[in-house]
Amino acid sequence: MARARTTRPHRLALAGALVALVGALQVRAPAQSAQTPLNLYGRGATGANGVVAAAKPEASRVGIDILRMGGNAVDAAVATGFALGVLEPNASGIGGGGFMVIKLASMKEAVVIDFRPTAPAAATPDMYKLDERGHVIDNASVEGGLASAVPGEVKGLLYALDKYGSKKLSRAQVIQPAIDWAERGVPVTVNLASIIKDNYGKLSRFENGLAIYSKDGFPPEIGDTIVNKALANTLRLIQAKGADAIYTGDIAAKIVAENRKRGGILTLEDLAGYQVKVRTPVTGSYRGYTIVTAPPPAGGTHVLQLLNILETADLSALGEQSTAAAHLWAEACKLVFADRSKYSADPDFIPVPAGGLASKAYARSLAALIKRDAVLKNPGAGDPSKYESGSTTSFSVMDKDGNMVAVTKTINMFFASGVVVPGTGIIMGDDMDDFELKPGSVNSIQPGKRMLSSMSPTLVLDPQGRPFMALGSPGATRIIPTLAQVISNVIDRGMPIQAAVGAPRLFQGQAGSLVLEGRYSINAYNGLVALGHSVTVNADFDAYFGGVHAVLYDHAAKTLHGGADPRRDGQAAAF
Amino acid sequence: MVKTHVVIAAAIVLACAGAAAAQPYALKAPIATKPAFLTTVGQSADIEMVKVLLDRSAVPYKANAQAKAGDLAASGAKTLVVVLGGSTKGLGAAGISADAEIERAKALFAEAKKLGMTVIGVHVGGEARRGQLSDTFIKAAVPACQYLVVVADGDKDGFFTKLAGAAIPMDKVERMSKAVEPLQKAFK
């Protein structure tokens with residue numbers, strides 16, 4: 001990263017110098033990068049028949065192979081999803097869950113499959129004990145058995161396959177590539193090696209994971225491969241028995257036994273009772289394009305809300321990376337996150353005013369609060385300190401027939417709870433940490449409730465109502481502004497999808513510093529500081545800002561373009 | 001011409017054989033006494049890997065990533081092992097700023113000197129554990145060390161070599177697991 005920086009002295013190097021001058025290293029030092037050495041080439045892909053954009057090149061190719069075999073976009077998405085659980089084990093898998101937005105050409109309306117984990121029946125709002133600083137004692141919402149909710153991944157992916165798959169390919173065919181990778185071994189990239197090292201302590205504490213994710217007692221090094229025979233066997237059982245292989249029987253018993261051994265409260269009844277929820281997407285528009293995205297407990301409502309606020313300004317006239325544009329983004333983000341923390345939760349438990357949040361009129365009223373020459377102080381209510389993990393994954397599939405799928409799924413933190421179920425290769429998620437961990441919030445814990453998420457897989461239709469773009473991102477709360485920025489880059493700035501994904505990003509929560517990616521214009525940095533923003537500069541390409549994987553259809557050229565994120569191991573594939 | 005090629009080939013073979021032989025480590029004799037006290041300078045998760053290295057080196061230790069100067073005397077340790085390299089996430093989890101972390105390290109080094117402890121710096125994170133944040137901590141810690149063990153990938157640019165200079169003996173190892181032998185040899 002340092003080398004890259006020296007080639008652009010007018011941007012980050014100058015920003016870095018400025019940072020040093022103001023003597024605020026503790027808040028402005030570039031984050032450690034897991035992406036060195038960074039490769040910006042070969043991330044995108046173009047094809048006439050189908051494109052899959054995922055966080056691992058091998059996973060994208062799995063999806064393409066399924067399309068070549070005659071599968072549709074859902075078949076490809078499900079195969080890619082299972083493969084990512086093997087190829088990117090730190091980010092998603094059987095122990096977690098997510099959201100999938102599907103719009104097949106034959107469907108009048110899109111559908112959202114919610115396979116987010118749920119709180120166990122024995123969960124309570126005060127189940128985590130807090131210390132005097134309000135921190136969870138022993139990090140129990142993140143590590144160990146009590147961190148795990150009832151996983152939804154396998155039921156979710158198989159529901160999509162059964163309901164929306166082409167029926168031309170069997171469940172066994174769709175899952176087989178994941179088994180092949182588990183047996184062949186997952187390549188350890190710079191990114192994965194770094195993530196394993198960062199989480200080695202957690203894996204060591206719950207020792208089962210070391211059998212898979214260590215080599216000679218140390219983290220595997222770049223170029224090694226990680227073989228996971230136990231996971232291959234688990235996937236074979238899913239091939240044979242479907243979701244029952246996980247939610248009932250021997251593996252369910254193993255999951256419960258290990259969870260409870262590590263202090264958890266999962267029961268066989270929790271697993272057997274898990275249900276996929278089929279939700280109506282939240283829909284709106286941005287400059288004539290239709291936005292179709294995942295509703296609460298997912299975060300798509302706020303992507304739409306943010307776009308609605310931005311639509312009140314002529315962003316293209318404000319100029320790319322200008323102070324005025326960045327200020328508008330930052331202020332709009334503050335307002336959106338204030339609403340998110342106050343209103344968003346599982347709609348099956350808490351009435352969420354999703355329609356109002358996504359309305360143009362409400363957005364105009366919020367936009368009126370934004371001043372061109374001043375910074376909003378303490379907008380709205382809520383808890384700005386809520387932390388969510390960025391260790392999710394997102395992928396998108398589109399094909400020439402106009403089928404579109406966007407999926408975002410997670411086990412929450414990298415390597416999640418750290419608990420690996422012996423003999424199964426399954427890493428149990430730590431999604432419980434996404435609840436508000438004390439009573440009194442709309443997002444407080446209740447039995448059977450789904451924790452709030454920023455995951456926002458999104459589809460975009462062009463002004464003629466044709467399939468235009470599928471996209472999604474990991475990155476915790478950064479997901480919401482990140483997706484809005486990529487959509488804006490395409491619609492407002494006319495960027496090709498790969499450029500739109502790669503462009504420098506910013507993030508602003510309800511409170512706290514405005515965070516700029518290192519390549520952001522030094523002029524904007526200076527302008528934002530002059531306006532009164534507290535600005536933190538992160539690394540040039542920083543995974544903090546998510547990892548967008550998107551597909552865009554160029555109707556004039558009858559060509560699909562995949563964009564994949566260099567901030568992670570993203571690479572699209574096409575045919 | 002052929003004769004020249006044979007000579008060159010033979011030279012290459014001999015050079016390779018030499019390289020494969022036992023590595024001559026920088027220390028002529030052990031400099032450290034057991035037990036050790038293990039901490040980080042930069043709050044990186046690499047401390048977990050160094051725990052494994054010390055276990056395999058048969059060096060008993062107490063570990064505290066956020067140890068204060070006062071902890072050293074109470075530990076009874078004779079050697080301070082510091083894990084070099086910064087982590088934004090680690091600093092955040094510890095609730096400590098980079099500046100405060102450097103102050104903590106300086107106080108530890110001063111106390112170690114007062115107690116007559118040997119200080120050994122270990123950098124196992126390779127290139128990924130470099131960059132502005134990590135380098136700040138490394139620069140602050142290396143001058144206090146009497147010996148360094150570095151995974152070579154982290155010294156591609158000669159950063160450690162330059163910092164250590166002639167004053168601080170340093171061994172570079174190709175892989176993390178190869179750091180066991182120099183650490184074993186460093187302890188009496």
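Basis for what follows: all heavy atoms, side chains included, without hydrogens, waters or symmetry-related copies. Each chain gets a letter, A, B and so on, in the order its sequence line appears, and its residues count up from 1.
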For Asp198(A) and Arg129(B), what are the C-alpha separation, side-chain angles and deciding distance, and is it a side-chain contact (heavy atoms from CB on, under 4.5 Å)? CA-CA 10 Å; Asp198(A) 280 348; Arg129(B) 193 66 74 196; 2.8 Å; yes

With a 4.5 Å cut-off on heavy-atom pairs, point out which of Glu101(B), Met49(B), Lys51(B), Glu48(B) contacts chain A the most. Met49(B)

Would you say the side chain of Met176(B) lies within less than 4.5 Å of the side chain of Asp216(A), judging by non-hydrogen atoms? no

Just wondering, more than 12 heavy atoms not from Glu207(A) lying within 6.0 Å of its CD? yes

Among the options Arg133(A), Lys197(A), Lys215(A), pick out the one with the most heavy-atom pairs lying under 4.5 Å from chain B. Lys197(A)

Taking everything shown except Asp138(A) itself, do over 12 heavy atoms lie less than 6.0 Å from its CG? no

Do other residues, nucleotides or ligands put more than 12 heavy atoms under 6.0 Å from the NZ atom of Lys78(B)? no

Report yes if some heavy atom in the side chain of Leu53(B) is under 4.5 Å from a heavy atom in the side chain of Phe218(A); otherwise report no. yes

Under 4.5 Å from any heavy atom of chain A, what part of Arg175(B) do you find: side chain, backbone, both or neither? both

